[in-house]
Amino acid sequence: MKNISVIGAGTMGNGIAHVFAQNGFPVQLIDVSAPQLEKALATIAKNLDRQVSKETITEAAKQATLSNLTTTTSIEQGVKNADLVVEAATEQTELKINIFKQADQFAPEDAILATNTSSISITRIAAATKRPGQVIGMHFMNPVPIMKLVEIINGYATRPAVTDTIVTLSKQLGKTPCVVNDYPGFIANRILMPMINEAIYSLFEGVAGVSAIDTVMKLGMAHPMGPLQLADFIGLDVCLSILRVLHDGFGNPKYAPCPLLVNMVMAGKLGAKSGEGFYTYVAGSKELVVSEQFKRSR
Ligand SMILES: NC(=O)c1ccc[n+]([C@@H]2O[C@H](COP(=O)([O-])OP(=O)(O)OC[C@H]3O[C@@H](n4cnc5c(N)ncnc54)[C@H](O)[C@@H]3O)[C@@H](O)[C@H]2O)c1
């Protein structure tokens, strides 16, 4: 494993590129949007500055990391020397299938193609390529430079040697890999999303208010943040779409999204990124303020 190509330079793509580059891998960062590539490089530089100021890396390591990064808007150019392609583009099945077809066409024959998808079937994506044995899920967590876990997902056809290579590589990045199989939600979201949905149901049914629900889970279960705050952080639209994948994939009503979640997404209340979800968000403020809508609920 030497040359890494990362497709998609958004929240996850810039973090994945950062971690590979910091561990000595030359990285080609690819996005359809040139401004997005510039923004990603600026974000990586800012995050590296923070690491330097906290003395977790040296100024020289920061410069070495930046010099490992190149950007392009062309998948053909960006993957032509890749040993590993990690796709972290927008979570849409057709879009990812299209990217994988291009990566399959232009990447070297022995390259591994990985996806960072949160919920789309690895088996389905792999079936769109001529190398399904070399397609695998590599699910990093947000923020990538900080979170230790990589959930590695074997598709139906993923070859054991490919899984071994990705496990070894994840360890080289200082991460802890966990290997799981390809069923809806894998492990992380199959367990997390029903918990978030249950928290929203508890609010919807008036069992408790926003602060009480989050405080019980923070102080009672030692979770670093409550499920409603976490849902706001992930994005309520993302939570809804993953619950729908679980509901459709298993055909089990226990995964049906809470009607309150559906309403909030329809109203455009998507959590931190839209300024309001279960809490309201003011730029520059870290104070946790329950949204007006839920202030009177107990
Ligand atoms: N955000 C999270 O917390 C999180 C956590 C784990 C996994 N994921 C998964 O990671 C992936 C990316 O999520 P994100 O939050 O970084 O999204 P994002 O919206 O921040 O970034 C997506 C990027 O993909 C780019 N893109 C779209 N179409 C493209 C194409 N055809 N070719 C190249 N680039 C293209 C967009 O321009 C954008 O920069 C998704 O599959 C998501 O499910 C997200």
Side-chain angles (χ1 to χ4, degrees), residues 5-19 27-44 47 71-79 82 85-107 113-122 124-125 128 135-153 170 175 178 180 182 184-193 196 225 229-246 270-274 277:
S5 300
V6 177
I7 305 181
T11 309
M12 296 304 287
N14 84 62
I16 295 168
H18 175 146
V19 166
V27 178
Q28 283 273 348
L29 185 55
I30 306 160
D31 201 289
V32 274
S33 153
Q36 186 70 15
L37 287 168
E38 276 174 40
K39 201 173 141 200
L41 286 183
T43 303
I44 295 170
N47 290 338
T71 63
T72 173
T73 53
S74 156
I75 291 186
E76 178 173 355
Q77 284 302 315
V79 304
V85 178
V86 183
E87 173 276 321
T90 313
E91 185 79 344
Q92 284 169 16
T93 308
E94 289 314 314
L95 185 142
K96 287 196 193 282
I97 284 179
N98 185 16
I99 289 175
F100 269 76
K101 282 188 172 153
Q102 290 181 66
D104 190 31
Q105 186 180 351
F106 298 117
L113 309 181
T115 173
N116 185 52
T117 180
S118 307
S119 61
I120 297 168
S121 160
I122 311 302
R124 181 160 179 205
I125 293 173
V135 176
I136 193 162
M138 205 175 177
H139 187 200
F140 290 88
M141 305 289 133
N142 185 21
V144 183
I146 295 184
M147 298 290 279
K148 282 278 177 206
L149 177 70
V150 183
E151 188 180 30
I152 294 174
I153 305 118
S170 303
K175 304 290 184 199
C178 285
V180 311
D182 183 27
F186 318 133
I187 285 294
N189 283 317
R190 180 174 179 163
I191 295 174
L192 175 64
M193 287 302 157
I196 284 177
M225 69 172 79
Q229 188 189 357
L230 181 58
D232 273 1
F233 177 69
I234 293 170
L236 300 189
D237 52 340
V238 175
C239 293
L240 176 59
S241 120
I242 298 174
L243 279 162
R244 291 208 156 120
V245 167
L246 293 170
L270 307 182
K273 66 184 165 191
S274 74

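We number each residue from 1, following the sequence as shown. Read the numbers this way: they start at 1 and go in the same order the structure lists the ligands and their atoms. Note that the structure is predicted; figures quoted are calculated from it, not measured.
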Heavy-atom check, side chain of [X] versus side chain of [Y], under 4.5 Å:
{"X": "I187", "Y": "C178", "value": "no"}
{"X": "T115", "Y": "K96", "value": "yes"}
{"X": "H18", "Y": "N47", "value": "yes"}
{"X": "N142", "Y": "M147", "value": "no"}

Next item on the list: Rounded to the nearest 0.5 Å, what's the gap from CD on E151 to CZ on F186? Could you check?
Entry: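 Rounded to the nearest 0.5 Å, the CD-CZ separation comes out at 7.0 Å.
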
With heavy atoms under 4.0 Å as the rule, classify the contact between [X] and ligand 1 as side chain, backbone, both or neither.
{"X": "T115", "answer": "neither"}
{"X": "I99", "answer": "side chain"}
{"X": "M141", "answer": "neither"}
{"X": "I7", "answer": "side chain"}

Next item on the list: List the closest protein heavy-atom neighbour of atom 29 (C) of ligand 1: residue, atom name, distance to the nearest 0.1 Å.
Entry: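 For atom 29 (C) of ligand 1, the nearest protein heavy atom is V32 CG2, 3.7 Å.
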
Item checked: Closest protein heavy atom to atom 39 (O) of ligand 1, given as residue, atom name and distance to 0.1 Å -> D31 OD2, 2.7 Å

Next item on the list: Given side chain to side chain contact (heavy atoms under 4.5 Å, CB included), test I152 with I136 step by step and report yes or no.
Entry: CA-CA 7 Å; I152 294 174; I136 193 162; 3.6 Å; yes

Note to self: Assess the residue pair V180 and R190 against the criterion (side chain to side chain contact (heavy atoms under 4.5 Å, CB included)); give the C-alpha distance rounded to whole Å, side-chain angles, the decisive distance to 0.1 Å, and a yes or no.
What the structure shows: CA-CA 12 Å; V180 311; R190 180 174 179 163; over 6 Å; no

Would [X] count as a polar contact of ligand 1, with the cut-off being nitrogen or oxygen pairs under 3.5 Å?
{"X": "M12", "value": "yes"}
{"X": "E91", "value": "yes"}
{"X": "E87", "value": "no"}

Mark up the atoms of ligand 1 that fall under 4.0 Å of a heavy atom belonging to [X], in ascending order.
{"X": "L95", "value": "28 (N)"}
{"X": "Q36", "value": "39 (O)"}
{"X": "T117", "value": "41 (O)"}
{"X": "H139", "value": "6 (C), 7 (C)"}

Next item on the list: Could you check which of T90, T11, V6 puts a non-hydrogen atom nearest to atom 27 (C) of ligand 1?
Entry: T90

Check: Among S118, G10, A103, whose heavy atom sits nearest atom 8 (N) of ligand 1?
Finding: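 Selected option, by shortest heavy-atom distance: S118.
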
Notebook entry, point to check: Is atom 19 (O) of ligand 1 less than 4.0 angstrom from some protein heavy atom?
Noted result: no

Note to self: Any protein heavy-atom neighbour for atom 10 (O) of ligand 1 (distance below 4.0 angstrom)?
What the structure shows: yes

Note to self: Just to check, does K96 reach to within less than 4.0 Å of ligand 1 when the distance is taken from its heavy atoms?
What the structure shows: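 Checking ligand 1 against K96, which is what was asked, there is a heavy-atom contact under 4.0 Å.
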
Note to self: Quiz question: by atom type and distance under 3.5 Å, do the side chains of N189 and S119 form a donor-acceptor pair?
What the structure shows: no

Next item on the list: Tell me yes or no: between the side chains of T117 and E91, is some donor less than 3.5 Å from an acceptor?
Entry: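 Looking only at side-chain atoms, E91 and T117 do form a donor-acceptor pair, the distance falling under 3.5 Å.
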
Item checked: From CA spacing to verdict: salt bridge (charged side-chain N to carboxylate O under 4.0 Å, His left out), D237, K273 -> CA-CA 10 Å; D237 52 340; K273 66 184 165 191; 2.9 Å; yes

Next item on the list: Salt-bridge test for E76 and K101: reply yes if a basic N is under 4.0 Å from a carboxylate O, no otherwise.
Entry: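 No salt bridge links E76 with K101.
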
